[in-house]
Novice: 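Below is the structure I would like to discuss, written out as structure tokens.
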Amino acid sequence: MHDTRRTRLVLAVLLLTAVGLITLDHRGFTPIAGLRGATSTIFGPVERLAADVARPVTGFFEAVVGAPATRRKIDTLEQQNQRLRAELSAAQLSKSDSAQLSRLLQLAGRGGYRVVAAHVIGVGQGYDETVTIDAGTRDGVRTDQTVLNSDGLVGRVVQAGAQSSTVLLATDALSAVGCRLEGSKQIGVVRGTGRSLSAQGTLRMELLDANADLQPGQRIVTLGSVGGHPYVPGVPIGVVTQVQSTPGALTRTALVRPFAQFTALDVVGVVVVAPRHNPRDSVLPPRPSPTPVPTSSRSPGATPSPGGASPGATPGATPGAPARGNLGAFGPAFAGTGSRAAGA
């Protein structure tokens, strides 16, 4: 240490000078203000240049220090966006699925079936006609359970996993379902036709009685299996479209158009509990009411009968009542309804 008097004297002079300059500057002494302005003019550009050079470096270190917090904020925003998109998608799907689910539950209620609703999420690859649904053993689904939708029979479960299951469609060539004609005791088997006709949605039915009365327009339902596995009774299958002529055959065959659209499967139900009683034909959709054929009250060139009766009217008939021949238009509908009630 070289602490001499001279050094102390210099420090004291500098300190007094600094105090004096600060005092003069505070009081607005003009020479001091000019000196300060000149100093700012000289060193101002140097300070700005130094700030421009240091700003990217400072920003880099600030970004490094604040990167984790920024990343967490971005991740939070992305999660919120994904959740909002998922909620929007679910809302849109629920609107389109609600009608199918409602009709499915109505059909299950009429038949007394307890079902587990599911979505078709995949189509099988290979030669089998199968689909994958998003319900499995954790939902109560087991193998050899009936699968249906709001229109009718879809198939049966052939493989059940924890979260998904495989369904063999009724259109598959290996599918065989016991069936019964609406309003009668005639039973038979409905088989799939495979990929060759599956695009047209065609099934093939064989009735055990070769002399049974079989006509286009007749409807069929599932006969049911022992214990309800793999098929429960009363599920609508389809409508006979063509009766095939097989002279000398021991069975009667026909082509059937299924109620379910196998090329547009979405919401389905797996029957996890069979009905206590056979619903028979009660699950079938109501037939459309036939339109009565209008008849002319006067034939061309006909001469009015005495008493003002209409030409062709039956003697003793009540005025204004329809002619007896018009009942033919309503007869089949009443007969079909009566048959369904008797078989229900």
Side-chain angles (χ1 to χ4, degrees), residues 85-86 88-105 107-108 113 115-179 189-205 220-222 225 228-232 235-239 241 255-272 283 285:
R85 286 195 296 266
L88 178 61
S89 178
Q92 293 173 348
L93 289 177
S94 63
K95 290 181 181 179
S96 62
D97 293 347
S98 60
Q100 298 183 56
L101 182 59
S102 177
R103 293 195 302 268
L104 172 63
L105 294 179
L107 184 146
Y113 314 126
V115 301
V116 170
H119 282 88
V120 174
I121 58 175
V123 179
Q125 303 295 326
Y127 296 100
D128 295 337
E129 293 193 357
T130 60
V131 295
T132 303
I133 60 175
D134 60 353
T137 54
R138 68 175 185 179
D139 305 299
V141 177
R142 300 291 185 271
T143 57
D144 284 338
Q145 289 180 334
T146 307
V147 181
L148 47 81
N149 66 359
S150 58
D151 297 320
L153 180 68
V154 172
R156 64 183 177 93
V157 178
V158 292
Q159 184 178 1
Q163 301 180 4
S164 62
S165 302
T166 303
V167 178
L168 182 70
L169 301 180
T171 54
D172 188 85
L174 298 179
S175 174
V177 185
C179 66
V189 178
V190 171
R191 303 181 187 276
T193 55
R195 293 188 178 276
S196 59
L197 293 177
S198 62
Q200 301 176 6
T202 305
L203 306 174
R204 188 182 302 277
M205 180 183 66
I220 57 175
V221 298
T222 55
S225 308
H229 300 284
Y231 296 105
V232 295
V235 179
I237 297 178
V239 182
T241 58
L255 296 181
V256 176
R257 173 176 52 81
F259 288 116
Q261 297 183 10
F262 291 94
T263 57
L265 295 176
D266 185 11
V267 178
V268 298
V270 182
V271 182
V272 294
V283 188

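In this text the structure is predicted, and so the values were computed from the model without any measurement.
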Novice: List the atom of A170, the atom of L153, and the distance in Å for their closest heavy-atom pair.
Specialist: CB-CD2, 4.3 Å
Novice: Decide yes or no for R204 and V256: does some side-chain heavy atom of the first lie under 4.5 Å from some side-chain heavy atom of the second?
Specialist: no
Novice: Only one of T146, V147, I133 forms a side-chain contact (heavy atoms from CB on, under 4.5 Å) with V154, so which one is it?
Specialist: V147
Novice: For H119 and D97, run side-chain contact (heavy atoms from CB on, under 4.5 Å): C-alpha distance rounded to whole Å, both residues' side-chain angles, the deciding distance at 0.1 Å, then the answer.
Specialist: CA-CA 9 Å; H119 282 88; D97 293 347; 2.7 Å; yes
Novice: Are the side chain of T202 and the backbone N or O of R257 linked by a donor-acceptor pair below 3.5 Å?
Specialist: no
Novice: Do the side chain of S165 and the main chain of A135 share a donor and acceptor less than 3.5 angstrom apart?
Specialist: yes
Novice: Measure the spacing between OH of Y231 and SG of C179 and express it to the nearest 0.5 Å.
Specialist: 11.5 Å
Novice: Is any side-chain heavy atom of T222 closer than 4.5 Å to one of V190?
Specialist: no
Novice: From S150 OG over to L107 CG, what is the distance, rounded to the nearest 0.5 angstrom?
Specialist: 7.5 Å
Novice: How many angstroms lie between CG in L174 and CD in E129, if you round to the nearest 0.5 Å?
Specialist: 10.0 Å
Novice: Is there a side-chain contact (heavy atoms from CB on, under 4.5 Å) between D266 and N149? Walk through the geometry before answering.
Specialist: CA-CA 8 Å; D266 185 11; N149 66 359; over 6 Å; no
Novice: For V189 and A176, which heavy atoms make the closest approach, and how far apart are they?
Specialist: CG1-CB, 4.0 Å
Novice: Do T130 and D172 make a side-chain contact, defined as non-hydrogen atoms from C-beta onward lying under 4.5 Å apart?
Specialist: no
Novice: Determine, stepwise, if the pair L203 / T171 fulfils side-chain contact (heavy atoms from CB on, under 4.5 Å).
Specialist: CA-CA 6 Å; L203 306 174; T171 54; 4.0 Å; yes
Novice: List the residues meeting side-chain hydrogen bond (donor to acceptor under 3.5 Å, both in side chains) with D144, not counting sequence neighbours, and say none if there are none.
Specialist: R156
Novice: Taking the side chain as every heavy atom from C-beta outward, state whether L169 and L265 have any pair of such atoms under 4.5 Å apart.
Specialist: yes
Novice: When rounded to the nearest 0.5 angstrom, what distance separates OG1 in T193 from CG in L255?
Specialist: 8.5 Å
Novice: Do Q145 and V272 have side chains that get closer than 4.5 Å, going by heavy atoms?
Specialist: yes
Novice: One pair to check against side-chain contact (heavy atoms from CB on, under 4.5 Å): V221 and V283. What are the steps and the verdict?
Specialist: CA-CA 9 Å; V221 298; V283 188; over 6 Å; no
